[in-house]
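Read through the structure below, which is laid out as structure tokens, and then see the notes.
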Protein chains: 2
Amino acid sequence: MLARVSTAPTFKRLPRAVREQQMLDAAVKVFSRRGFHAASMDEIAEDAGISKPMVYAYLGTKEELFIAALHREGTRMMEAIAAVVGDNLPPDEQLWRGLRAFFGFVGAHRDGWAVLYRQARAEQRFAGELAEMRSRIIEVVAGMLGRAVEARSAHVDRREVREIDLEVMAYALVGASESLADWLADHPQADPEKTATRMMNVAWLGAAQLLAGDTWHPTDP
Amino acid sequence: MLARVSTAPTFKRLPRAVREQQMLDAAVKVFSRRGFHAASMDEIAEDAGISKPMVYAYLGTKEELFIAALHREGTRMMEAIAAVVGDNLPPDEQLWRGLRAFFGFVGAHRDGWAVLYRQARAEQRFAGELAEMRSRIIEVVAGMLGRAVEARSAHVDRREVREIDLEVMAYALVGASESLADWLADHPQADPEKTATRMMNVAWLGAAQLLAGDTWHPTDP
DNA sequence: GCGTAACCCTACGCACGAGTAGGTATGCTC
DNA sequence: GAGCATACCTACTCGTGCGTAGGGTTACGC
């Protein structure tokens, strides 16, 4: 049956680069709506206004498609953050701007990044890709904290804060932010700006104390 | 073909309660190894030393089985925490004990709770179950923080800390802990005790400042 | 104006895995 | 020791969805 379905007036042939973006848009949408496994390539193709073999031709396997989508969204997020975090600002200002950009981004794409990220975390086959992305973030945060230590090192008379401590703290902060990002995604009423402020409060006040050399220890070791 | 496979000397008939636990053990193991979707009921059944229809007869659908497994592990974790968090201890002591128990539990069951939880978060069909479990945890943490506020309310001259703030802070703390739990799971060398101490440092110092009425605010609003 | 490459399709093969039908064996009760 | 419930099995059905075979059509160079 070769009859063209009547309700499709303009079947524009589009260049590859454009189609790929449309496919990625569809992939992000469907993957986050349904989850990696429940998402079908057919639905993604249909949503992109194209047929399935095109998706395979351009972006490859379902797994590769997911990685491509995750990658694009992650890069966009990192860029959004990098755009506002200046190089030579004081650490708390950097952290604040970074958090604000992060929550702003997540809030603006409630069905995008956060959900994809959550998906990726559940499937161990994406562990590698994910670890790489996270380590980029951790690196940024740990860097900020490190500079904060430098800045205060004058009145810190104790041993240097070890790198592993910075890494663990960065992990905790990133984890807390991820969690609040989920909270944001689940509460459509919530205000990203306010959420960022709350996060900043917990993060910075705690970190500031710590970096100043103030620590808590158990009383009954 | 009715011939009994020779290498299976003791096919004990076991009472339902025992088999159910074995099945749940297997379910936890396979679900966390493979992920919810990639886990097959056949593999779970085989791992439990039983055939598939028995699993359906006792624990129902794959979805119900997963929920049962998640539930059991979650309850165990909550019990482990409740066992060490006394009722009338000072809040920081409670928080410390809770965190230590939490990381101890996660560290001891590296392929159990944390991975199941991650799985559940990715599939929106478990959203209800999950929300319930998480709210139990949040409630506990927010309760601790709330009592901490009470204890300090004497020298806090500002408006009461609102409940939503407590909830968001609890979220952040829980998220940070989950993240460090993942870190723990990924670093077999790491010491749960030390991790708990680090978490406590970030959490308590930050929370203490906040609860004392000390807040951070943006300089350029 | 014709070749050729890029774009795009319909229609299938095939594997995998959830859930079930229908039956067998074992222990417990009286 | 007969009846009956409970524990347990093998062997299917059937839907779903990934990935592909094989072929059509439009644009663009020359």
Side-chain angles (χ1 to χ4, degrees), chain A residues 1-24 26-27 29-31 33-69 119 123 125-126, chain B residues 1-24 26-27 29-31 33-69 119 123 125-126:
Chain A
M1 205 227 291
L2 293 180
R4 177 72 86 216
V5 175
S6 61
T7 54
T10 44
F11 262 129
K12 262 290 187 65
R13 274 162 97 93
L14 294 174
R16 177 168 183 150
V18 176
R19 280 285 187 232
E20 282 182 346
Q21 292 308 311
Q22 292 178 341
M23 289 173 188
L24 287 176
K29 186 168 149 191
V30 176
F31 278 134
R33 248 214 239 316
R34 309 255 188 240
F36 176 75
H37 229 105
S40 80
M41 293 298 268
D42 288 277
E43 185 177 355
I44 292 172
E46 189 188 343
D47 195 277
I50 210 75
S51 76
K52 200 167 43 158
M54 287 309 295
V55 182
Y56 280 88
Y58 283 176
L59 278 324
T61 302
K62 187 181 186 183
E63 203 166 313
E64 291 166 337
L65 175 61
F66 182 85
I67 289 178
Q119 290 298 321
E123 303 270 335
R125 89 186 84 170
F126 302 123
Chain B
M1 200 229 287
L2 293 180
R4 178 74 84 216
V5 174
S6 60
T7 53
T10 45
F11 262 128
K12 261 290 188 66
R13 273 162 98 92
L14 294 175
R16 176 169 185 152
V18 175
R19 279 286 187 232
E20 281 183 347
Q21 293 307 312
Q22 293 177 339
M23 290 174 188
L24 288 177
K29 186 168 150 193
V30 177
F31 277 133
R33 249 215 239 316
R34 309 257 188 239
F36 176 75
H37 228 104
S40 80
M41 293 297 269
D42 289 276
E43 185 177 355
I44 292 171
E46 189 187 344
D47 196 278
I50 211 76
S51 75
K52 199 167 43 157
M54 288 307 296
V55 181
Y56 280 89
Y58 283 176
L59 277 324
T61 302
K62 188 183 187 185
E63 203 166 311
E64 291 167 337
L65 174 62
F66 182 85
I67 289 178
Q119 289 298 320
E123 303 271 337
R125 90 185 83 169
F126 301 123

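Reminder, nothing fancy here: chain letters follow the sequence lines and each chain counts from 1.
For the segment residues 52-66 of chain A, residues with any heavy atom less than 4.0 angstrom from an atom of DNA chain C are, sorted by number, A:Pro53, A:Met54, A:Tyr58. Taking every heavy atom of residues 36-48 of chain A and every atom of DNA chain C, no pair lies under 4.0 Å.
In this structure, B:Glu20 and B:Leu59 have side chains that are in contact, with non-hydrogen atoms separated by less than 4.5 Å. Contact annotation: the side chain of A:Arg19 approaches that of A:Gln22 to within less than 4.5 Å [non-hydrogen atoms, C-beta and beyond]. Put simply, the side chain of B:Tyr56 reaches to within 4.5 Å of the side chain of B:Met41, judged on heavy atoms. Using a 4.5 Å heavy-atom cutoff, the side chains of A:Tyr58 and A:Met23 are in contact.
Taking the side-chain hydrogen bond (donor to acceptor under 3.5 Å, both in side chains) definition, one finds that A:Arg33 meets it with nothing, sequence neighbours left out. Listed by chain and residue number, A:Phe36, A:His37, A:Glu63, A:Glu123 satisfy the side chain to side chain contact (heavy atoms under 4.5 Å, CB included) test with A:Arg125 (two or more places apart in sequence, or in another chain).
A:Arg13 places its CZ atom 7 Å from the C1' atom of D:dA27, with the value rounded to the nearest Å. One atom, CD1 of B:Ile50, and another, P of D:dC8, lie 4 Å apart when rounded to the nearest Å.
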Table please: side-chain donor-acceptor pairs of residues 42-51 of chain B below 3.5 Å, with sequence neighbours left out.
unit_1	atom_1	unit_2	atom_2	d
B:Asp42	OD2	B:Lys52	NZ	3.4
B:Glu43	OE1	B:Arg34	NE	2.9
B:Glu43	OE2	B:Arg34	NE	3.3
B:Glu43	OE2	B:Arg34	NH2	3.0
B:Asp47	OD2	B:Lys29	NZ	3.1

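A close approach under 4.0 Å does occur between a side-chain nitrogen or oxygen of A:Arg19 and OP1 or OP2 of C:dC8.
Between the base of D:dT6 and the side chain of B:Arg16 there is no donor-acceptor pair shorter than 3.5 Å.
Nearest heavy-atom pair across A:Ala69 and A:Leu24 is N-CD2, 3.8 Å.
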